[in-house]
Amino acid sequence: MTHKHDDKESCCALEKKTVKKKSHDSGCCSHDDSENHSHDDDHDHSNGSDSVFKMFLPSIISLVLLLVAISFDNFFPQAWFVGWIRIVWFCIAYIPVGLPVLKEAFESIRKGAVFSEFFLMCIATLGAFGIGQYAEGVAVMLFYSIGELFQMLAVKRAKSNIKSLLDQRPDTANVIEGFETVSKKASDVTIGEIIQLKQGEKLALDGKLLSEHATFNTAALTGESKPDTKSKGEAVLAGMINLNAVAQVEVTTAFNDSKLSRILEMVQEASAKKAPTELFIRKFAKIYTPIVVYLAIAICLLPILFVADYVFKDWLYRALIFLVISCPCALVISIPLGYFGGIGAASKNGILIKGSTFLDILATIQVVVMDKTGTLTKGIFKVQKVVAVGISEIDLVKYTAAIETKSTHPVGSAIIEYAKDIVKDTTVTEAHEIAGHGIKGLVDGKEILVGSAKLMKKFDISYDTEIDAIPFTIIVVAINQKYVGYFLIADEIKEDAKETIQSLHKSNVKTIMLSGDNQAIVSLVAKELNIDQAFGDLLPENKVQKVSELKAQHLKIIFVGDGVNDAPVIALADVGIAMGGLGSDATIETADVVIQNDQPTKIFTAINIGKKTKQIVWQNIGLAFTVKFIVLVMGAGGIATMWEAVFADVGVALLAILNAVRIQRMKF
């Protein structure tokens, strides 16, 4: 078993190669800031059972030798198994598991960290040898080493969900140059070049689709395996896998600036941000360990002043038991592992949490404040209703869509999309926009007016005035100076938005919606979704003001948004959540949590993961302190032996680790 002590490398470094820069100070497996106790970097267990067997081989050798020695001592006595032969046998049994720990203790002392867990184990086991308790000395070190190996495997398992992201970005891309394709390093591909993506290939850089249609597996970015069909001109992101015919993509972002690259960088930096509980335990261990050593010395020596029949060997044995029991492994390993498991579970669900400190805050959230467009709604305008007056609906759609082909307004695109191919056989002439009102032109010789109600008033055309009371976007149409109907256009509510609000309410979390849209639309959406409070007609600075007012009430607040104007509010909230699929770069960079598939239900999932993680962490703290306290008292009183001490140390550590990795098996 090898432990690395290289301050330049953290055991939380998830990958040897760097995306842009790498966090060097995370130390999620370290026992203090100067000592990085790596359970991972020196071992590559990816080769399966053979590698695991090699890991456990020293422990297996030690265990076999120990069992044989115990048999010779107690069950099958051998005349030759006495004296120096017996001592040498136990020494040989000790070396495979003890030597690496002795080296670690020496390295720690050399670096100034005297009171490490390695130091405790060395004193306890060598002390046991010193008083003739050879079997117990070997057993303590053996079980400690086995515990360490299980910790390594648990840490690797905890990292696997996150680390899998690092394999999502291909190193090469097939670039079209003239009439042939050339394989290039992805980092050498420049903006504007065209990538050819075959079926089953993974996109290396962000770009826009040049082919008419293509279907992608977006699991690398969203955590969802559901295929996503893109149309010509739509954005496609690094990490997406082409599922059907050959597609062409024009590169729009440099390799290191792609969304996936930034996500990977954020993942690597996430473990550096420690939760308060985790930081407390690490500080506690640095103070606790030397206190334990001094108490052990006191247990050994002070009774000489009070006990009439004082026997040094007996009290030394009690002190050694005390040392083994008090090793802080269960706390300093299982607690960071619990948080890391929470980050991994979130990543598996398409949620990037940028540090364990945010898991703690998510567990205490009281209010979720949400932007409307792009968060609860799709941010895509669609025709929701068509009302034709004195004309067929097909003709109304045909004439309106035809004239809108000459418009630059996004609402026009919604009508064209709704009409599909109806406008193919129409002729549009003399089309011109009337600023702030709409568009006018001739379609197949007929004069068409398309725009807001203000356009009808401008040309003195009477229309159904009930339209004015409708809060959504209304496009009114007139043909040859006569009102013929209207289109109701609105942003669609996301399918899971209502479920999200219901889940939050069940968890006693208050919901508030803030939007720049007019209050009437905002109120309608809020009513449909059963949101507690909704405020419309807000500028970015008004959103900041609203969140500041909530913070002044000492409430724990999440703000969820996707637009660049949401970045200041996201930064202000206790936890800022960005919708990462459609969200702006600034918002994603500012946010503490990124939802990669833009589903509102992931807000509740993130809160739930935070609560479960904190619950597991405190279960581990309670378990470790309770068992250790009981066995410490028993050890000091001479009731507990080294075997109970092994359980209090290694047994509790293993139970805590098994509890910590539970979160990765949970379904959220």
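Because only heavy atoms are used, hydrogens play no part in the values below, and waters and symmetry mates are left out as well, while side chains stay in.
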Worked check of side-chain contact (heavy atoms from CB on, under 4.5 Å) between I351 and V594: CA-CA 6 Å; I351 304 165; V594 179; over 6 Å; no

D532 side chain vs K510 backbone, donor-acceptor pair below 3.5 Å: no

Spacing of Q366 atom CD and L550 atom CG [to the nearest 0.5 Å]: 10.5 Å

Minimal non-hydrogen separation, T364 against K556, with atom names: O-CB, 3.4 Å

Rounded distance (nearest 0.5 Å) linking atom CD of Q553 with atom CD of E549: 8.0 Å

P600 to T375 - nearest heavy-atom pair and separation: CG-O, 3.3 Å

Nearest atoms (heavy-atom pairs only) where A363 meets K614: CB-CD, 3.9 Å

Stepwise salt bridge (Lys or Arg N to Asp or Glu O under 4.0 Å) test for D598 and K378: CA-CA 9 Å; D598 290 350; K378 295 180 179 178; over 6 Å; no

Flag side-chain contact, heavy atom, 4.5 Å: E528 against I493: yes

Note, L655 side chain near N620 side chain (heavy atom, < 4.5 Å): no

Least distance between heavy atoms, G338 atom then T613 atom: O-CG2, 3.5 Å

Salt-bridge present (E499, K494; N to O < 4.0 Å): no

Test item: N659 and L623 side chains (from C-beta on) under 4.5 Å apart, heavy atoms: no

K498, NZ atom: more than 12 neighbouring heavy atoms under 6.0 Å: no

Nearest-0.5 Å distance that lies between atom CG in L529 and atom CG in L376: 6.0 Å

K372 (side chain) donor-acceptor with M513 (main chain) under 3.5 angstrom: no

Interatomic distance, Q545 atom CD to F535 atom CZ [nearest 0.5 angstrom]: 10.5 Å

The single option from V368, L514, V575, I577 passing side-chain contact (heavy atoms from CB on, under 4.5 Å) against F559: L514

Residues K551 and D574 bridged, charged N to O under 4.0 Å: yes

Candidate pair M370 and I512, rule side-chain contact (heavy atoms from CB on, under 4.5 Å), full reasoning: CA-CA 6 Å; M370 293 161 281; I512 297 174; over 6 Å; no

Non-hydrogen side-chain atoms of N530 and Q502 separated by less than 4.5 Å: no

Validation row: I353, L362 side chains within 4.5 angstrom (heavy atoms): yes

Carboxylate-amine/guanidinium contact D496 K602, below 4.0 Å: no

For the student: nearest non-hydrogen atoms of A534 and V522, plus distance: CB-CG1, 3.6 Å

Smallest separation among heavy atoms of K611 and S507, with atom names: NZ-CB, 4.0 Å

Verdict with supporting geometry, I595 and I603, side-chain contact (heavy atoms from CB on, under 4.5 Å): CA-CA 8 Å; I595 294 172; I603 301 167; 3.8 Å; yes

Under 3.5 Å: donor-acceptor pair, side chain of S62, backbone of P58: no

Separation between CD of Q599 and CG of N349, rounded to the nearest 0.5 Å: 10.0 Å

Under 3.5 Å: donor-acceptor pair, side chain of S145, backbone of M141: yes

Audit row: V593, L352, side-chain contact (heavy atoms from CB on, under 4.5 Å) steps and yes/no: CA-CA 6 Å; V593 177; L352 169 62; over 6 Å; no

Separation of I501 CD1 from L504 CG (nearest 0.5 Å): 5.5 Å

Any side-chain heavy-atom pair of S515 and L538 under 4.5 Å: no

Test item: V509 and I558 side chains (from C-beta on) under 4.5 Å apart, heavy atoms: no

Side chain proximity check, V369 to V560, heavy atoms < 4.5 angstrom: no

